[in-house]
Amino acid sequence: MKVVIIGGDAAGMSAAMQIVRSETKADVTVLEQGAVYSYAQCGLPYYLGGIVDDAHELIARPIDFFRDKHGIDARIYHQVQSVDTEHQTVSGTVLDSGETFTEPYDKLLIASGAAPIFPPFEGRDLAGIHVLKTIPDAETIAKDLEEDVLNVTVIGGGYIGLEVAENLVHDGRNVRLIDLAERVGNVYDAEISEKIAAEAEKQGVDLVLGEAVEAFRGENGRVTGVSTDKGDYNADMVIVAIGVKPNTAFLAGTGIHLHESGAIRVDPYMQTNIDHVYAAGDCATQYHRIKQKDDFVPLGTHANKQGRIAGVNIAGGSKTFHGIVGSSIMQFFDLTIGKTGLSENEAKNLGIDYRAIGFETAPIAHYMPDSRPIFLRMIKEKETDKLLGVQGAGETGVDKRVDVAATALYHGMTTHDMENLDISYAPPYNTAWDPIQQGARRL
C-alpha cells in the first residue's frame with residue numbers, strides 16, 4: 001500500500017509513525033514544502049524572547065529519525081500544487097530545483113496545515129515586516145532584531161500577537177500592539193480582556209485598539225511606520241499576527257468538501273467525502289462537542305490527536321476523534337489566561353439561554369503567603385444546568401481550573417455535578433471549596 005502524506009509537521013508525522021508501527025506493510029512518502037519536520041510552532045515566540053536559546057531545540061524529531069530509523073521517504077521542499085482524486089495522484093514542484101513531480105497514492109492524508117493571514121496592505125513588501133509561523137520565520141526575525149531595532153509594532157491581539165509582544169518586551173524592545181477589535185484578546189469575555197489590557201499597560205505595551213491597518217510606510221526599502229484609519233505610528237519592525245487560514249487552495253476542483261473557514265471537512269475517522277482521502281490537523285475541521293457542529297480551531301494538541309487517529313485508520317484500524325471543547329491557555333507576563341467551552345458571545349450566537357457570572361477568589365488558602373487572587377468567569381445553560389464554559393485569569397491556579405472544567409465539559413456535567421466532585425485539598429494547593437465549585441454553587 002502506497003501512502004502519501006502532504007505535510008511533515010504534527011498531524012502528518014503522527015500519522016506516519018502510526019502507519020509504520022502497524023503491521024501493515026505500507027510505503028509511506030511525506031511531501032513537506034519546507035525543510036523542517038515536526039517542530040513546536042507554539043515555542044517560536046519564546047525563541048524570540050531568548051527563553052529558548054536555539055530555534056532547533058523546538059524540533060521534536062530530526063528528519064533522519066524518520067528516514068533512517070523508520071524508513072519513511074521524508075522529502076523536503078516538495079510543494080504540492082494539485083491533487084487528482086480520480087487517478088489518485090498528487091503533483092507539484094520541488095522548490096529548490098524547480099523540477100516538477102507526480103506521486104501516485106493508494107491512500108492520501110492531507111496534513112498541509114495553515115498559513116498566516118497577511119492582507120495586501122500597501123507597502124507589505126518592505127524589509128522589516130514579518131509573519132511568524134515556521135522556524136525560518138523565527139530565525140529571520142531574530143536576525144533582523146540584531147539590527148538597530150528598538151520599536152516593534154505587532155499587528156493582532158490574539159494568542160500569537162500577545163505572546164510575541166510579551167517576549168519582545170522581555171528582550172528589551174518597545175512594543176506597540178494594534179488590533180482592529182475594540183478590546184484585546186477578544187476570544188475571551190470582556191472582563192477577561194480587561195485583565196489582559198491592564199497587564200499590557202502595567203508591562204509597558206502600548207495598546208492601539210479599534211483601528212484598521214491600511215498601509216506600511218518606509219524609507220530606503222525598509223519599514224518605518226504603520227498607518228491605520230485613525231493615525232500613523234513609527235516602527236523599526238512589524239510582525240503581523242492576525243490569524244491563520246487552512247492551506248487548502250491546491251484542492252480546488254477535487255470535489256473535497258470544505259468548511260466555511262476553508263478547512264477540510266472530515267468525519268470522526270478523519271476521512272473526507274472522497275474515497276481513500278483523509279485530512280488532519282490545522283487544515284481540517286474539529287467537531288466541537290459543546291456547539292455540536294464542525295469548527296476550525298487550529299491547535300497543536302488537536303493536530304497530534306487527529307494525525308494519530310488518521311494513521312491508525314489508514315493502516316486498517318478503527319479509531320475515532322471524539323471532538324474538542326475549545327480549551328486553550330497562555331501566559332502573558334505575570335498573568336495566566338485560559339478558557340474552555342463557550343464564551344458568552346458564542347452562547348449568544350448559538351441562541352442558548354444562559355446564565356453567566358464573574359468573580360474573584362483565591363486559588364489556595366487565603367492565609368498562605370503565596371495566595372494571589374484568581375478571576376473566573378463561568379457560564380451554564382439555564383434549562384439543563386449544564387456547564388457551557390469557564391475562563392480564568394490570574395498569576396497562579398488558572399491551568400488547574402481550566403483543565404477540571406474541560407473534563408466536566410467533555411462529559412456534559414451540570415453545575416450540580418461539579419459541586420460534588422472530589423477535588424483534592426490542602427492549604428498550599430487549594431481552598432476547601434475549589435474555585436470551580438464556588439462558581440458552580442453561585443451559578
Side-chain angles (χ1 to χ4, degrees), residues 4-12 14-15 31-34 41-42 78-85 90-93 108-121 124 131-134 137 155-156 158-161 179-181 186-187 212-213 240-289 291-307 309-310 321 323-324 326 328 345-346 349-350:
V4 172
I5 298 174
I6 302 172
D9 201 12
S14 293
L31 306 173
E32 165 57 44
Q33 72 172 1
Q41 296 179 24
C42 296
H78 276 59
Q79 184 182 65
V80 173
Q81 294 164 328
S82 64
V83 175
D84 185 335
T85 55
V90 297
S91 301
T93 301
L108 172 66
L109 171 63
I110 304 168
S112 49
I117 296 171
F118 194 173
F121 299 126
R124 57 169 285 170
V131 295
L132 180 63
K133 187 67 168 65
T134 66
D137 290 339
I155 311 295
Y159 298 119
I160 297 300
D179 198 294
L180 177 62
N186 67 346
V187 297
V213 172
V240 179
I242 59 176
V244 297
K245 59 183 178 181
N247 283 320
T248 56
F250 66 93
L251 299 176
T254 61
I256 294 173
H257 292 170
L258 301 181
H259 183 257
E260 55 262 32
S261 64
I264 302 164
R265 288 193 180 274
V266 291
D267 68 13
Y269 298 89
M270 299 294 104
Q271 291 178 301
T272 71
N273 62 299
I274 302 294
D275 288 343
H276 312 303
V277 179
Y278 298 72
D282 290 359
C283 65
T285 55
Q286 298 83 32
Y287 179 75
H288 199 297
R289 294 171 67 92
K291 296 179 181 179
Q292 296 186 6
K293 64 179 183 178
D294 285 341
D295 207 347
F296 177 58
V297 185
L299 292 175
T301 51
H302 308 332
N304 278 282
K305 292 171 189 171
Q306 288 188 317
I309 289 166
F321 181 64
I324 67 171
S328 64
N345 191 52
E346 287 174 313
N349 291 339
L350 291 168

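Note: hydrogens, waters and symmetry copies are ignored here, and every other heavy atom, side chains too, is used.
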Should the heavy atoms of other residues, nucleotides or ligands under 6.0 Å from NZ of Lys245 be counted, would the total exceed 12?
-> no
Between Arg124 and Pro119, the two heavy atoms sitting closest are NH1-O, 3.5 Å
Does any N or O in the side chain of Asp137 come within less than 3.5 Å of the main-chain N or O of Thr134, such that one atom is a donor and the other an acceptor?
-> yes
Nearest-0.5 Å distance that lies between atom CG in Leu108 and atom OG1 in Thr254 | 10.0 Å
Atom pair CG/CD of Asp294 and Glu260 - distance to nearest 0.5 Å = 8.5 Å
Residue Phe121 excluded, over 12 heavy atoms near CZ under 6.0 Å = yes
Short side-chain to backbone donor-acceptor contact, Gln79 and Thr93, under 3.5 Å = no
Of all heavy-atom pairs between Gly8 and Glu32, which one has the smallest distance, and what is that distance?
-> N-OE1, 2.8 Å
In Å, rounded to the nearest 0.5 Å, how long is the span from CD of Gln306 to OH of Tyr287?
-> 14.0 Å
Closest approach of Asn273 and Gly255, non-hydrogen atoms and distance?
-> ND2-O, 3.0 Å
Short question: side chain of Asp282, backbone of Ala114 - any donor-acceptor pair under 3.5 Å?
-> no
Positive for side chain to side chain contact (heavy atoms under 4.5 Å, CB included) with Ile256, one of Thr248, Val277, Val266 = Val277
Got Ile242 and Leu180 here, is their nearest side-chain heavy-atom distance under 4.5 Å?
-> no
Rounded distance [0.5 Å steps], CZ in Phe321 versus CG in Asp267 = 12.0 Å
Apply side chain to side chain contact (heavy atoms under 4.5 Å, CB included) to the pair Val187 and Tyr159, showing each step before the final yes or no.
-> CA-CA 9 Å; Val187 297; Tyr159 298 119; 3.8 Å; yes
Do Cys283 and Ile110 pass the side chain to side chain contact (heavy atoms under 4.5 Å, CB included) test, and can you show the C-alpha distance, the side-chain angles, and the key distance before you say yes or no?
-> CA-CA 8 Å; Cys283 65; Ile110 304 168; 4.1 Å; yes
Do the side chains of Ile309 and Tyr278 get nearer than 4.5 Å, heavy atoms only?
-> no
What pair of heavy atoms forms the shortest contact from Ala310 to Leu109, and how long is it?
-> CB-CD1, 4.0 Å
Output the distance between atom CG (Leu299) and atom CD (Gln41), rounded to the nearest 0.5 Å.
-> 10.5 Å
Indicate the atoms forming the closest heavy-atom contact of Met270 with Ala280, along with that distance.
-> SD-CB, 4.4 Å
Taking every non-hydrogen atom, the tightest pair across Leu350 and Lys291 = CD1-CG, 3.8 Å
At what distance, to the nearest 0.5 angstrom, does CG of Leu251 lie from CG of Leu258?
-> 6.5 Å
